[in-house]
Amino acid sequence: MISHNKNIILGIETSCDETSVAVYQEQENTTDPSKNILSNVTFSQIDLHKKFGGVVPEIASRSQLEKINPVMQEALNKANITLDDVDVIAVAHKPGLPGSLLVGVCFAKALAAVKKKKIVAVNHLEAHAFSSCLEHNVPFEHICLTASGGHTSLYLMHDFGNYEIIGQTVDDAAGEAFDKIAKLINLPYPGGPYIEKLAREVNFNDFFFYPRGKLKSLNFSFSGLKTAVLYDLVDRGAYDMKTKTFLKNDDLELKQKVASSLLVCITDIFEKQLQKAHKLYPHVASISLVGGVACNKYLRHRISEFCKKRNLKFFTPSPRFCTDNAAMIAFVGNYKAKQNKFSDLNFDIL
Ligand code: KG4
Ligand code: ZN
């Protein structure tokens with residue numbers, strides 16, 4: 001049994017295609033925040049959705065319904081606790097796929113009602129934005145770039161639970177751009193990791209100089225990039241618009257060049273927006289990079305070098321905390337519990 005003088009938080013995350021449960025408790029006598037994550041168990045459904053080329057909401061929520069209980073049991077076992085030891089249940093309630101969110105939220109509410117636990121409804125994006133704090137003591141204020149499959153935003157992070165959006169995508173998210181363009185050249189879903197692998201094989205060179213866009217604000221736009229890549233492929237005789245078919249499936253070199261040029265382009269866009277953000281908020285001394293796209297090692301390296309040059313500290317979570325995970329939900333649940341910001345049992349999704 002672990003000591004019980006700080007809240008034990010059970011985090012639940014089912015906003016898209018993962019089923020994840022974590023146990024979190026602040027530990028005494030440590031400056032290493034990762035010691036507070038007592039367990040984090042994630043069941044990934046990627047294999048279920050691969051053959052459809054994207055997440056199928058119905059399949060996602062049915063799988064979550066099946067997995068949520070065993071995943072929770074495993075998380076409790078790994079943390080060496082039982083449900084009775086839990087003080088607070090934290091659950092992602094927005095944004096996300098409605099059917100998926102409902103599985104986690106109904107499960108969390110049922111547990112809270114039956115076991116008489118306090119509950120905290122957590123915004124999934126707030127959890128991503130603070131996910132670099134899971135393993136690092138990230139000083140405030142800092143600038144956070146969140147890049148995932150559904151969202152791309154820049155935040156000015158004031159304090160725990162206190163942050164403001166200073167830029168966001170006006171159309172597609174960066175991860176969506178990776179996934180959609182990967183699909184154009186017949187790569188499997190999700191495309192981001194395949195794009196990275198192909199780009200590495202040609203040393204992350206920029207071959208095709210895709211447009212970086214001309215947004216003056218701190219916002220992002222990626223839908224034009226997808227169209228630019230599409231027309232470039234058509235010009236090269238590699239894509240048939242009528243039948244929506246990639247015609248050069250055996251041309252590995254072309255796929256590598258597209259992947260590498262795309263990764264360099266998106267990284268350049270991120271760097272440019274961070275540079276502008278730093279100019280606008282010069283007092284900020286740290287930058288964090290979070291969300292599924294932040295798994296990308298090339299991107300991490302480039303942003304880390306960018307920060308080094310400007311004397312900024314750089315923080316990014318381990319890959320398992322970049323993609324959707326319940327530890328980040330529990331982390332927000334923990335500080336909200338300390339701020340006495342609990343939810344009523346009648347909160348809704350979205
Ligand atoms: O945060 P996340 O797991 O789910 C959302 O909340 O959206 O992000 C998933 C996104 C996908 O678009 C995927 O292609 C992208 O993260 N991603 C990557 C890499 N690994 C995952 N993008 C680029 N490079 C990667 N290595
Ligand atoms: Zn996410």
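Since this is a predicted model, take the numbers as computed values, not measurements.
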>> Cation-pi check for F347 against K109: NZ or CZ below 6.0 Å from the six-membered ring centre and within 45 degrees of the axis, yes or no?
In response: yes

> Would F246 and L254 satisfy side-chain contact (heavy atoms from CB on, under 4.5 Å), going step by step from the backbone distance to the final call?
Replying inline: CA-CA 11 Å; F246 181 55; L254 177 64; 4.1 Å; yes

> Given Q168 and H151, is the side chain to side chain donor-acceptor pair (under 3.5 Å) satisfied, shown in steps?
Replying inline: CA-CA 8 Å; Q168 61 190 323; H151 303 273; over 6 Å; no

> Hey, mind stepping through F315 and V290 against side-chain contact (heavy atoms from CB on, under 4.5 Å) and telling me if it holds?
Replying inline: CA-CA 9 Å; F315 298 93; V290 304; over 6 Å; no

>> Could you measure the distance from the CG atom of D87 to the NZ atom of K115? Nearest 0.5 Å is fine.
In response: 13.5 Å

> Which atoms form the tightest heavy-atom contact between L247 and G237, and what is the distance?
Replying inline: CD1-O, 3.7 Å

> Taking the hydrophobic residues Ile, Leu, Val, Met, Phe, Trp and Tyr, and joining any pair whose side-chain heavy atoms are under 4.5 Å apart, which ones share a cluster with F342?
Replying inline: I9, Y24, I37, V88, V120, V122, L125, F130, L134, F140, Y155, M157, F160, Y163, I165, F321, M328, I329, F331, V332, Y335

>> Walk me through whether D32 and T30 qualify under side chain to side chain donor-acceptor pair (under 3.5 Å).
In response: CA-CA 5 Å; D32 176 2; T30 179; 5.3 Å; no

Which donor-acceptor pairs under 3.5 Å do the side chains of residues 174-181 make with protein atoms, sequence neighbours left out?
{"from": "E176", "atom 1": "OE1", "to": "A173", "atom 2": "N", "distance (Å)": "2.9"}
{"from": "E176", "atom 1": "OE2", "to": "K180", "atom 2": "NZ", "distance (Å)": "3.4"}
{"from": "D179", "atom 1": "OD1", "to": "G191", "atom 2": "N", "distance (Å)": "2.9"}
{"from": "K180", "atom 1": "NZ", "to": "D172", "atom 2": "OD1", "distance (Å)": "3.4"}
{"from": "K180", "atom 1": "NZ", "to": "D172", "atom 2": "OD2", "distance (Å)": "3.1"}

> For Y239, which residues count as a side chain to side chain donor-acceptor pair (under 3.5 Å) partner, sequence neighbours excluded?
Replying inline: none

>> Would you say that I287 contacts L145 through its side chain, given a criterion of any heavy-atom pair below 4.5 Å between the two side chains?
In response: no

>> Going by the rule salt bridge (charged side-chain N to carboxylate O under 4.0 Å, His left out), which residues pair with R236 if we only count those two or more places apart in sequence or in a different chain?
In response: D232

> side chain to side chain donor-acceptor pair (under 3.5 Å) with N40: which residues, sequence neighbours excluded?
Replying inline: none

> In Å, rounded to the nearest 0.5 Å, how long is the span from CG of D235 to CG of L230?
Replying inline: 9.5 Å

>> Check whether S20 reaches the backbone of V41 with its side chain - one donor and one acceptor, N or O, closer than 3.5 Å.
In response: yes

> Donor-acceptor pair, N29 side chain versus Q27 backbone, under 3.5 Å?
Replying inline: no

>> Tell me whether the rings of H283 and Y281 are parallel (<30°), tilted (30 to 60°) or perpendicular (>60°).
In response: perpendicular

> Are the side chain of S39 and the backbone N or O of A75 linked by a donor-acceptor pair below 3.5 Å?
Replying inline: yes

> Are E141 and L156 close enough that some pair of their side-chain heavy atoms sits under 4.5 Å apart?
Replying inline: yes

> Side-chain donor-acceptor pair under 3.5 Å between H128 and T146, yes or no?
Replying inline: no

> Charged N to carboxylate O under 4.0 angstrom, R302 versus D268?
Replying inline: yes

> Salt-bridged, E74 to K78, with N to O below 4.0 Å?
Replying inline: yes

>> As an exercise, state the distance from CG of L218 to CG of L280, rounded to the nearest 0.5 Å.
In response: 5.5 Å

> Would E135 and S318 count as a side chain to side chain donor-acceptor pair (under 3.5 Å) if you check the C-alpha gap in whole Å, the side-chain angles of each, and the deciding distance to 0.1 Å?
Replying inline: CA-CA 8 Å; E135 300 159 288; S318 305; 2.4 Å; yes

> With no hydrogens and no angle check, is any side-chain donor or acceptor of K118 less than 3.5 Å from a backbone partner on A337?
Replying inline: no

> What distance separates H158 NE2 from H142 NE2, expressed to the nearest 0.5 Å?
Replying inline: 11.0 Å

> How far apart are the C-alpha atoms of L225 and I266, what are their side-chain angles, what is the distance that settles it, and do they pass the side-chain contact (heavy atoms from CB on, under 4.5 Å) test?
Replying inline: CA-CA 9 Å; L225 177 57; I266 290 184; 3.7 Å; yes

> Quick one: do F204 and L289 end up in the same hydrophobic cluster if we chain Ile, Leu, Val, Met, Phe, Trp and Tyr together by side-chain heavy atoms under 4.5 Å apart?
Replying inline: yes

> Salt bridge between K308 and E305, side-chain N to carboxylate O under 4.0 Å?
Replying inline: yes

> Between E271 and K309, does at least one N-O distance fall below 4.0 Å, as a salt bridge requires?
Replying inline: no

>> Please determine whether side-chain contact (heavy atoms from CB on, under 4.5 Å) holds for the pair L184 and V258, giving the CA-CA distance in whole Å, both sets of side-chain angles, and the decisive distance to 0.1 Å.
In response: CA-CA 10 Å; L184 284 181; V258 171; over 6 Å; no

> Yes or no on salt bridge (Lys or Arg N to Asp or Glu O under 4.0 Å) for E66 and R62, after CA distance, side-chain angles and deciding distance?
Replying inline: CA-CA 6 Å; E66 202 177 292; R62 280 176 190 268; over 6 Å; no

>> Is it the case that over 12 heavy atoms from other parts of the model lie below 6.0 angstrom from the NZ atom of K313?
In response: no

> Do we see a donor-acceptor contact under 3.5 Å between the side chains of N205 and K257?
Replying inline: no

> At what distance, to the nearest 0.5 angstrom, does CG of L10 lie from CG of L111?
Replying inline: 7.0 Å

> Roughly how far apart are I349 CD1 and S15 OG, rounded to 0.5 Å?
Replying inline: 11.0 Å

Pairs under 3.5 angstrom only: tabulate donor-acceptor contacts from the side chains of residues 94-105 to other protein residues two or more places apart or in another chain.
{"from": "S100", "atom 1": "OG", "to": "C16", "atom 2": "O", "distance (Å)": "3.1"}
{"from": "S100", "atom 1": "OG", "to": "Q64", "atom 2": "OE1", "distance (Å)": "2.9"}

>> Quick check: do F43 and V21 have side-chain heavy atoms less than 4.5 Å from each other?
In response: no

> Any chain of hydrophobic side-chain contacts (each under 4.5 Å) joining F270 to F306?
Replying inline: yes

> Should we count CZ of R300 as having more than 12 external heavy atoms under 6.0 Å?
Replying inline: yes

> Can you tell me if N296 uses its side chain to pair, donor with acceptor, with the backbone of L299 under 3.5 Å?
Replying inline: yes

>> One thing to verify: whether K197 and E201 come together as a salt bridge, which I'm taking to mean a side-chain N less than 4.0 angstrom from a carboxylate O.
In response: yes

> Counting heavy atoms not belonging to H301, are there more than 12 under 6.0 Å from its NE2?
Replying inline: no

> Any chance NZ of K276 has more than 12 other-residue heavy atoms, nucleotides or ligands included, within less than 6.0 Å?
Replying inline: yes

>> Using only atom types and a distance under 3.5 Å, with no angle test, would you say the side chain of E196 pairs donor to acceptor with the backbone of K297?
In response: yes

